[in-house]
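Below is one structure, written out as structure tokens, with a few remarks after it.
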Amino acid sequence: MTPNARFKARLTARDPMVGCFIKTPQPSVIEVLGASPLDFLVLDAEHSPFDRAAIDLCVLAARAVEAALLVRVPDGSASTILGVLDCGAAGVVVPHVTSAAQARDLARAMHYVPGGRGIAGTTRAGGYGARALAEHRAAAQDEVSLICQIEDREGVDCFEDIAATPDVDALFVGRADLAVSYGMDDFFAPEIAAICGDVLGAKGAATGLFCAPGEDTRPWRQRGASFVIAGSDHSFMAQGAKALAEAARRDTES
């Protein structure tokens, strides 16, 4: 089983998993964190400078350490999804999904179905032609995951329909944008927590959310979250540098 297929199997089985966002378009970051105990990584191409070439290199690095690497795409266009999946990504996280109709279009773009994902066996995903086209088409169904991000009032209003859409593998709650959508600037607000809890209890798809590094995830697990994305390479560097500096200052003061 490939790392991508293994990730999808665990995701759809609701196995507890933890991953992080990657903000730096540098393959060595993927090598380091991909070899860590994290279950998966997510390139943040929505908010960070990942172009097609950077995504391609990062997926190649993930392949080297057998890590599952998803991409949060900047948009849900079929061409964007096609490029990411052809690079060999384990799937996509699509921001601002607000209707079941949108989710159906995304699911079609993910798979080799009439009117859906364009097929080419000469991509990395297709083994550069080493895998027969029929074999590639059959295997791809189990090697790509679609995670729809719920972060708007409109998405909250129909999250159950989105979760029930065929080939939507998971919902991911974006608490920051969700708070802004409700006119707030604190994603720890009790009102936002209540909404998150409702979405995490969705049927038909796995669910997860972003958590701050060090945040207690047990309450979210109890509400139904099977996966969390906690922090990013940037937050790890900042926290590590802060801890190092504080320890060094304590040493000089003692």
Side-chain angles (χ1 to χ4, degrees), residues 4 7-8 10-23 38-48 68-76 80-81 84-85 89-100 102-107 109-110 144-165 167-182 187-188 192-213 215 217 219-232 235:
N4 291 2
F7 170 79
K8 180 164 184 172
R10 294 188 64 194
L11 180 68
T12 56
R14 281 40 163 202
D15 284 353
M17 293 192 291
V18 59
C20 77
F21 279 120
I22 302 296
K23 304 284 190 175
L38 291 169
D39 297 299
F40 64 96
L41 307 175
V42 184
L43 295 187
D44 190 2
E46 181 188 15
H47 294 296
S48 301
L69 180 67
L70 297 101
V71 179
R72 178 157 72 174
V73 291
D75 61 74
T80 297
I81 291 173
V84 167
L85 297 184
V92 295
V93 180
V94 183
H96 301 290
V97 178
T98 57
S99 71
Q102 181 186 1
R104 286 193 294 272
D105 288 342
L106 292 169
M110 293 283 294
V144 295
S145 299
L146 171 58
I147 301 176
C148 294
Q149 195 155 324
I150 306 299
E151 53 186 344
D152 305 273
R153 285 174 176 262
E154 297 85 350
V156 171
D157 289 342
C158 62
F159 73 85
E160 292 173 325
D161 293 334
I162 295 171
T165 300
D167 291 320
V168 169
D169 299 296
L171 304 184
F172 174 67
V173 183
R175 283 195 282 172
D177 275 308
L178 190 61
V180 171
S181 182
Y182 282 86
F187 75 29
F188 291 109
I192 299 303
I195 294 169
C196 290
D198 290 341
V199 177
L200 293 174
K203 308 299 182 186
T207 60
L209 80 170
F210 177 82
C211 289
E215 180 180 351
T217 64
W220 302 121
R221 301 284 191 184
Q222 292 167 1
R223 297 301 296 269
S226 60
F227 69 95
V228 296
I229 300 176
S232 69
S235 63

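These values consider heavy atoms only, across backbone and side chains, with no hydrogens, waters or symmetry-generated copies.
Residues Cys196 and Arg223 form no side-chain contact, since every pair of their non-hydrogen atoms from C-beta on lies 4.5 Å or further apart. Contact annotation: the side chain of Phe7 never approaches that of Asp39 to less than 4.5 Å [non-hydrogen atoms, C-beta and beyond]. With contacts defined as side-chain heavy-atom distances shorter than 4.5 Å, the pair Leu11/Phe40 does not qualify. For the pair His96/Glu151, a side-chain contact is recorded, criterion being any heavy-atom separation below 4.5 Å from C-beta on. Counting heavy atoms from C-beta on, the side chains of Cys20 and Leu38 come closer than 4.5 Å. You'll find the side chain of Val71 stays beyond 4.5 Å of the side chain of Val93, heavy atoms only. Within the 4.5 Å cutoff, the side chain of Val173 has no heavy atoms near those of the Thr207 side chain. Within the 4.5 Å cutoff, the side chain of Leu70 has no heavy atoms near those of the Leu43 side chain.
The OG1 atom of Thr165 lies 9.0 Å from the CG atom of Leu171; values are rounded to the nearest 0.5 Å. Distance CD/Gln149 to CD1/Ile162: 11.5 Å, rounded to 0.5 Å. Separating the CZ atom in Arg14 from the OG atom in Ser226 is a distance of 6.5 Å, to the nearest 0.5 Å. Rounding to the nearest 0.5 Å gives a distance of 8.5 Å between CG of Asp44 and OG of Ser232.
Look at Glu215 and Arg175 and you find a salt bridge, because one of the NZ, NE, NH1 or NH2 atoms lies within 4.0 Å of a carboxylate O, short of that distance.
Residues satisfying the salt bridge (charged side-chain N to carboxylate O under 4.0 Å, His left out) test with Glu154, not counting sequence neighbours, are none.
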Full working for side-chain contact (heavy atoms from CB on, under 4.5 Å) between Val156 and Ile150: CA-CA 7 Å; Val156 171; Ile150 306 299; 4.1 Å; yes
Checking side-chain contact (heavy atoms from CB on, under 4.5 Å) for the pair Phe187/Leu178: CA distance, chi angles, key distance, verdict? CA-CA 8 Å; Phe187 75 29; Leu178 190 61; over 6 Å; no
So Ile22 and Val42, side-chain contact (heavy atoms from CB on, under 4.5 Å) or not? Walk me through it. CA-CA 6 Å; Ile22 302 296; Val42 184; over 6 Å; no
Working note: Asp152 + Asp177, criterion side-chain contact (heavy atoms from CB on, under 4.5 Å); need CA distance, chi angles, decisive distance, verdict. CA-CA 7 Å; Asp152 305 273; Asp177 275 308; 5.8 Å; no
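Nearest heavy-atom pair across Cys158 and Thr98 is SG-O, 3.2 Å. Ile195 and Tyr182 make their closest contact through CD1-CZ, 3.6 Å (heavy atoms, listed as atom of the first residue, atom of the second, distance). Across all their heavy atoms, Ala170 and Phe227 have their closest contact at CB-CE2, 3.8 Å. Across Lys203 and Ala163, no two heavy atoms sit closer than the pair O-CB, 3.3 Å. For the pair Phe188 and Ala212, the tightest heavy-atom approach, listed with the atom from each and the gap, is CZ-CB, 4.3 Å. What you find for Ile81 and Ala109 is that their closest heavy atoms are CG2-O, 3.8 Å.
The backbone N or O of Gln102 lies less than 3.5 Å from a partner atom in the side chain of Ser99, making a donor-acceptor pair.
Here the options are Asp167, Val92, Val84, the test is side-chain contact (heavy atoms from CB on, under 4.5 Å), and the partner is Met110; only Val92 passes.
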